[in-house]
Amino acid sequence: MREWVLSGDDLEGLIDSISAEWDLYAPQRKGRLFEFRRLRDFEDLCIEYPLTMIPPSSLFAPGSEVLYHFDPDRPAEIESVDPARPIALFGVHPCDLAGIAILDELHLSPPIDRCYANRRSGSFLVAVECAAPCVEESLCADKETYRARRTFDLLLIPSSGDRWFLRSGSEAGDDVARSCRFLRPATYEDRCRGDEESAARNARFKARFGLDAPTLSARVEASWDDLLWSAQSRLCLSCGACNAVCPTCHCYAVDDVLPVKRGESGERRRRRTGCQLADFAVVAGVENFRGEKAFRLRHRIFKKEVYLVERLGRSGCVGCGRCGHFCPAGIRLVEIFRQISGEEKVDA
Amino acid sequence: MKKLEVDVHHLTRVEGHGNIKIRVADGVIEELKLEIVESPRFFESMLVGRYVDEVPHITSRICGICAVGHTTAACRAAEKALGFDPPPEVGALRRLLLDAEFIQSHILHGCFLALPDFFGVPSVLALAETMPDVVKTALRLKRLGNTICETLVGRHVHPVSMAVGGFTRWPSRDDFLHVKTMIEEAADDLEETVRLFEAIETPSFDSPAERIALRSEGERYELLEGVVTSSAGDSVAEDRFDRIIRETTLPHSTARHAHTERGSFAVGALSRYAVNHDRLLPEAALAAERLGLSPDTTNPFHNNEAQVVEAVQCAGEAVRLCDELAAARPPGRFKAVARRAGRGTAAVEVPRGTLYHGYELDGAGRIVGANCVIPTGQNQANIERDLHRLVGVLLERGEGDDAVRLGCEMLVRAYDPCISCSTHFLEVEFVD
Amino acid sequence: MAGILKPKIGVFSFTGCEGCQLQVLNLENELLDLLERVEIVNFREALTGGTNDYAVALVEGSISTASDERELKEIRRNARLLIAIGACAHTTGLNGMRNGESAKLAWSRVYPDRAFDANVAEEVRPLCEVVDVDFTVPGCPIDRDELLRVLTVILAGGTPRPSTTPVCDECRRAGNECLLDDGRICFGALAPSGCRAVCTSYGESCAACRGHLPGAPVSELMALLEEKGIDREEIILRLGRFGSRERAVAALLEELFPGGRNAQEAAS
Amino acid sequence: MRELVRPAARIDVPVEGKIIGIRRLTAREKVFRIELPGGARLAHQPGQFVMVGLYGSGEAPISITSPPSPGESFELCVRAAGALTHRLHSMEEGDVVGIRGPFGRGFPVREMEGYDMLFVAGGLGLAPLRSLIRYVLERRDRFGSVTILYGARTPADRLFLDELAQWEGDRSIDFRQSIDVGEGDWTGRVGVITTLFRGMELKPARTMVAVCGPPVMYRFVLIELLARGFLESRIYLSFERRMCCGLGKCGRCQINGEFVCRSGPVYSYLHAGRLREAL
């Protein structure tokens, strides 16, 4: 692991050297929100952003994309989509990095998801560590996702005096760093100071519900028949916002777009959808296997805290806090987990 | 002995449902009327009790063809009632949107509805086979108008972000520059259209009319606001329009006939041109010259050419407005105007003429009275008068049923009547 | 192509603003491509002449007069497939705002100097309450792309599938902040998606012009908005703009105007 | 440059399946015989399904109703229920559809060998079970007794009438059927499927059970089976859920932690009984 010191003034230089090879996406303002967008002007970069509504992983697993092109009259005459131009994500928070790692595991395990692989392969990730939890709903302390551990090519760690530590996590990261003349290798003193600053920062991330991962999973598992699910989902609008903003939600539906003009090809498209939408588990337009909002809310939490734990060995929730922060009905994970942990009892 | 009956049931290629009925006996016109048969929709009844913020969204649905016009008139009238004066860039964006709607509507009318008559085909669909280039050019221009609205306010049919007080989403600088580029790229298509109409022979017909349009101080070929100005010399502030325009209801129409003290009058492209011709941009003035337009023309068929001139004018004006808006500081985040009691009337030029909306609000900002005077209703008396004259001329020439029918249809179409609007008259109930 | 019969399409219009017909013409770029595959034989807004020989009828507008009803039934007899286009045809759109009030009373207010036209129906109805409708393209106005999707599926011999997810899903994925968080009255959770959430993307709240999803969370939304301090009456009025034909909304309107809007007027 | 996707895998992109035979079973169901390009074998197990696709109408999972065979075609029994299946019903011989699969896990045919077989089929549930029934009948000597219980709503709803008659006439098979609503000249049994169990002598200790039918049927059949002492591990159920991919990715068919398209649609009750969303 190599580490350098980057002066704040040289951030633009770093971006320039990455942009030379990748289409660079970075957090920028969108009204009162933030979003990852192609960076055209360095001035638009908001590196100290709180939280984007749409997670950066959506650049690899977009809300809607073409799976393949087809000839409407010949079912098997299929053309793949053009390979995506490799992109770089600049300024990814550690929780979102964890989200990308989970999507990687889900999509790149056999059978490999072609479209995800197409976008993800050759991409470049620059993570940035946070100085404090983004929003009130953040659970990154409980989920231990406030530090970036892997998956990044480069990691920016804020440091005092308008400077950054830059750590490389891959060969591609090394190559980029090596091409930046303005980087200074970190000295022993730098590292000591960095560790001190890290410790001070870590103290700002305080657990909200205080259960370790296996305990949480077991408690969730035991909550199947609990009244909390109907109590918590009382005002749920089944709007699917929690799914749409979740960095690890990945369920989808498939639609076709037929060509208007004879002889042209059509598109088979994937549209991301969510388990909180009322129609998610409807079969043949008749039977709804999760017809109640309480069942749907329970499924979402079970999926993250039980089913994905069984499958991946870790929680599918990275604690970013988006689902609660952007829920119009105010349904918050932290309250659900607190009730599950026994801190708050639900009135029947 | 001339006996003739023309009954055009369901006038086609106009927006809305209308009939022409003519009965001639012994060479004398016994009956002649333009019927407007669209089902009444009772907007007035529906509006009463609604909050003022909803009004533009409701009145936009009076007519899908001039939805920007209705929305603009509703916003302006509501703002006057609320005593709110929007910042100048809001006015500039509204002008730009009117320009876009004019381009789209005039091209739709000129090339899709009127043109087939000149080539003796039933529709533009038939032209698509014989003159594909003409149709493609027209489609591109029509799409231009639509795309401008889509980019700036979400869509053309029932624009989304136009609101009382301004715009719920202000377009980005890139949006304005993008729109500007699109318009500039359409220059060749506009030139093609002018050339097309240059080549068409306008029926000669002489029927002088009083012409009314908005005109403002300054240099602008006005669409958004101003003084109601008549070619007969009258002028009056927009909220006093009823001082010169009176309305009566006729039994054969759900629209109302309007007249001045001198009789029927005309609004629309030709009237705007007559009132504001000195304010045309050079390229539009040149187009007018090439199309043989003259401000004191007495031929109502020239409305088709006036619309083409206005399409050129609006494109030029829109480019200028894009520059202005791209350079302007965007207004802050949209805030709804505080509700209060009041009364306001606004006039806006829409493709077919001057449109008036007026509202009266209670203390909670709810509608207690509404009024809307639409251009086709203002033109109807004049159309019937022109039909009278035209049928007389055709009878004198000894033309048969078919020629009379076609002549009448073409005349009515030249006025570009929007019958959808016409039946959606609201109560005129303003007592000063 | 000669030799291949193109399906014949008629476009018809009843009470409405004609905006949905205009959206058909607004297909612009795709219109000529479409005309290679279908023949439009009836389209009053664009075409002189007409015939009863058509397989597919696209019908806009509500049924608000006795003659509307007769004509619609004739169209139903002629067409193999009847497609309702737009909110007026689908749910009466905002024409339904006049229901709940006697037609005569509304008439006397708008045309005080003219006798009531007996052709005017007491109540405005959507097409499906008069004839069988095979498919609906919802919205005020219809979305051009959705219309194309529906037509291409029909031309391929398929049945178009209506959207079953709410506008909210499309809206969030478009990156919009939620207008409910701003204390705005927004019905995105009630209405089926397919409009690309164009209203909310342009800062205007969803009015549910596309109708309501089955089991739409009306009571949840009412509760949520009221908890935010929004006046119940204003919410109901807004729901009634496009939703007067939805059962849940009709019940709320009855709560607001017991006995219909006339009754209140008579009382005041 | 776009590459041509090689469809050999039949996993995420379809191959062309040609309809070479169509048989109407009832007012709602038809059987389609389908041939893969180049005479390829589907190579499926009883209980597995394929994704059938028509552009413009998407894809739907359809269970394979024919037994595995060395032949070069297979059969799908399709009820006209949604947009895609209605369109399928309007197709003719020679038309082509998209085929992906086979997917999922079918019945554990090897484990079943040596046991008595009890089949419980309700309505359209006979379609997937028929694959297994015919598999077993083709290898009659490897299995013990064969009992088939079939329930349908009305006599006219019954599928594969010719085969039902064959089974009825076959003395080596105990075939019983019942319908919910008596109709016309129906002289057989009327009542829900569980009434067929009355008076039957079954040997739970040496029997494997395969059940397929509408969701509500499972609950009552399971009560009956468990009460009679059948082992949870020897009761196999086939589940229907919504699917978009068949790859365990789209999340639509999930029952608790299981992706029906991968680990199902056939589960032993020992397993499915622990899935709280399954029944």
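Values below: all heavy atoms of this structure, side chains included; hydrogens, waters and symmetry mates excluded. In what follows, chains are A, B, ... by sequence order, proteins preceding strands, each numbered from 1.
Around atom CZ of D:Arg105, no more than 12 heavy atoms belonging to other residues, nucleotides or ligands sit under 6.0 Å away. Enclosure of atom CZ in D:Arg276 by more than 12 non-hydrogen atoms of other residues, nucleotides or ligands within 6.0 angstrom is indicated.
Contacts between residues 128-155 of chain C and chain D, defined by a heavy-atom separation under 4.5 Å, are made by C:Val153. Scanning residues 191-201 of chain C against chain D with a 4.5 Å heavy-atom cutoff picks out nothing at all. For residues 23-34 of chain D, a heavy-atom distance under 4.5 Å to chain C picks out no residue at all. Near-neighbour residues of residues 157-164 of chain C relative to chain D, defined by a heavy atom under 4.5 Å from a heavy atom of that chain, comprise C:Gly157, C:Gly158, C:Thr159, C:Arg161.
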